[in-house]
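Here the structure comes first, spelled out in structure tokens, and everything after it is commentary.
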2 protein chains.
Amino acid sequence: MLDIAILGLLMERDHHGYEIRTQLRDRLGLGVNVSFGSIYPALARLEREGSVEAVAPSEPRLGSLSTGSLSGERASLRSRRGTPGLGRRGRKVYRITERGRQEFVERLANPSTVDDGRNFSLRMALARHLTPNRRVTLLERRRADLVERLEELRAGTRNPQLDGYARSVMEHAAQSVELDLAWIDQLLTTERSTPQPFARDAK
Amino acid sequence: MLDIAILGLLMERDHHGYEIRTQLRDRLGLGVNVSFGSIYPALARLEREGSVEAVAPSEPRLGSLSTGSLSGERASLRSRRGTPGLGRRGRKVYRITERGRQEFVERLANPSTVDDGRNFSLRMALARHLTPNRRVTLLERRRADLVERLEELRAGTRNPQLDGYARSVMEHAAQSVELDLAWIDQLLTTERSTPQPFARDAK
DNA sequence: CGTCGATATATCGAAGTGATATAGTGGATC
DNA sequence: GATCCACTATATCACTTCGATATATCGACG
């Protein structure tokens, strides 16, 4: 799961580990803390598989000139350039490979197992890398899952064994699923009525 | 986390592993699949720590006529009683110990780390085991977390780098947090206005 | 000048996931 | 009454993720 998130970020430009964490928070819905304990191993794994490669610290970062908005890192770069060893601050910058791109689109479109909310949000946040057909397929699958889940929760709410607290939890969970459903439906409507919903690169 | 859930179920009556899974789904909010790969190790761990103990298959469940409410298992029990070996269907029934009870109330009331939604829902589903004060404390802490998270999400929504899909994900996440907040506030109101909100055993 | 908070990588043990193996049980169907 | 299927039940595997911690540099502030 993390793999897709990381590859998705690297589709746009090169990143180093720490930056991936912040981007995960700020750009993809993955709010609360994806820990370093998962990010660094994930990067190592992806590198081992040949989906990403480490960029030598002196090499310019792809797209950094155009996108360039990473405050105050070019200055320190210049000032320390020339010192051998680990490059500035020991950063390791990763770049996605062609193999990585293929892996990414393949895995983004084909959830191996049923997505939970987090996974689905991640997929949607990266949805512009999907074809319109794929998007609709994913949305419909998610919709079906949510409908099923909602019925389970409603049935659960009627369980006489529950005390007030447990029932309240169930009812709230059901409301939450209803909100999710409304969101999905809205996305589906947009997707079906508009030729290029949110524009960009979906090929 | 699973530990609390399991202990919470065992507070009411004895359970075996498979049953714990169904109960987790039906009684506590923990909807989608808590896998056996976590339940059985968790039970083993709890037994090792002395928080639960395995009940000999012949001994106690037979005597538990009073508690008995597990539909349609007494029939098969009687029919097979006397056959030696693993006991009926190899079930292992666990019972909470005194140490387990202490462990449970202690850990239920004191989240070691910041709860995510799932953990919090679990705690609320078991809230009748908490004192009113503890409940309010937990609710207020959760409320503060959600307010903070909501601001982050709203700030994130304004990030100009986001495409339409990513923005939609963020906006939906924010709405979801708003719904959570409304729930918390409702619980807080109930908790403050009613002496024994949902009644039962909160000591 | 020191030191504080943010940046940055790395590693550890513990916990959870998803898949799979194995087998008994109850009921339906032919 | 034999057979088949779905459900109940425990267990274990490899892998991923989490949370904590260690270590170091950088930039800003007084």
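No hydrogens, no waters, no symmetry mates; every other heavy atom, side chains included, goes into these values. Quick note on labels: first sequence line is chain A, next is B, and so on, each numbered from 1.
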With sequence neighbours left out, what residues match A/Phe36 under ring pair (Phe, Tyr, Trp, His ring centres under 6.0 Å)? A/Tyr18, A/Tyr40
With a 4.0 Å cut-off on N to O distance, would you call A/Arg142 and A/Asp115 a salt bridge? no
To the nearest Å, give me how far apart CG (A/Asp115) and P (C/dT17) are. 15 Å
Between OH of A/Tyr18 and P of D/dT23 the distance, given in whole Å, is 19 Å
Encode nucleotides 11-16 of chain C as B, S and - characters from 5' to 3', where the letter depends on protein heavy atoms closer than 4.0 Å: B to the base, S only to sugar-phosphate, - to neither. B---SS
Between P on C/dG24 and NZ on B/Lys92, what's the gap in Å once rounded to a whole number? 17 Å
Suppose we call two aromatic rings close when their centres sit under 6.0 Å apart. Are A/His16 and A/Tyr94 close by that rule? no
Do B/Arg128 and B/Glu12 sit within salt-bridge range, that is, some charged N less than 4.0 Å from a carboxylate O? yes
For atom CD of A/Gln23 and atom P of C/dT7, their distance in whole Å: 12 Å
Whole angstrom value for the distance that separates C1' of D/dT17 from CD1 of A/Ile39: 11 Å
Using heavy-atom distances to pick each residue's nearest nucleotide on DNA chain D, tell me which of B/Thr22 and B/Tyr94 is more 5'. B/Thr22
Separation of D/dT17 P from B/Asp116 CG (nearest whole Å): 16 Å
In whole Å, I'd like the distance from the NE2 atom of B/His16 to the C1' atom of D/dC7. 13 Å
Test: salt bridge (Lys or Arg N to Asp or Glu O under 4.0 Å). Region: residues 37-50 of chain A. Which pairs qualify, not counting sequence neighbours? A/Asp3-A/Arg45
Please report, rounded to the nearest Å, how far the P atom of D/dT16 is from the CD1 atom of A/Ile4. 13 Å
Regarding B/Arg135 and B/Glu191, does a basic nitrogen lie under 4.0 Å from an acidic carboxylate oxygen? yes
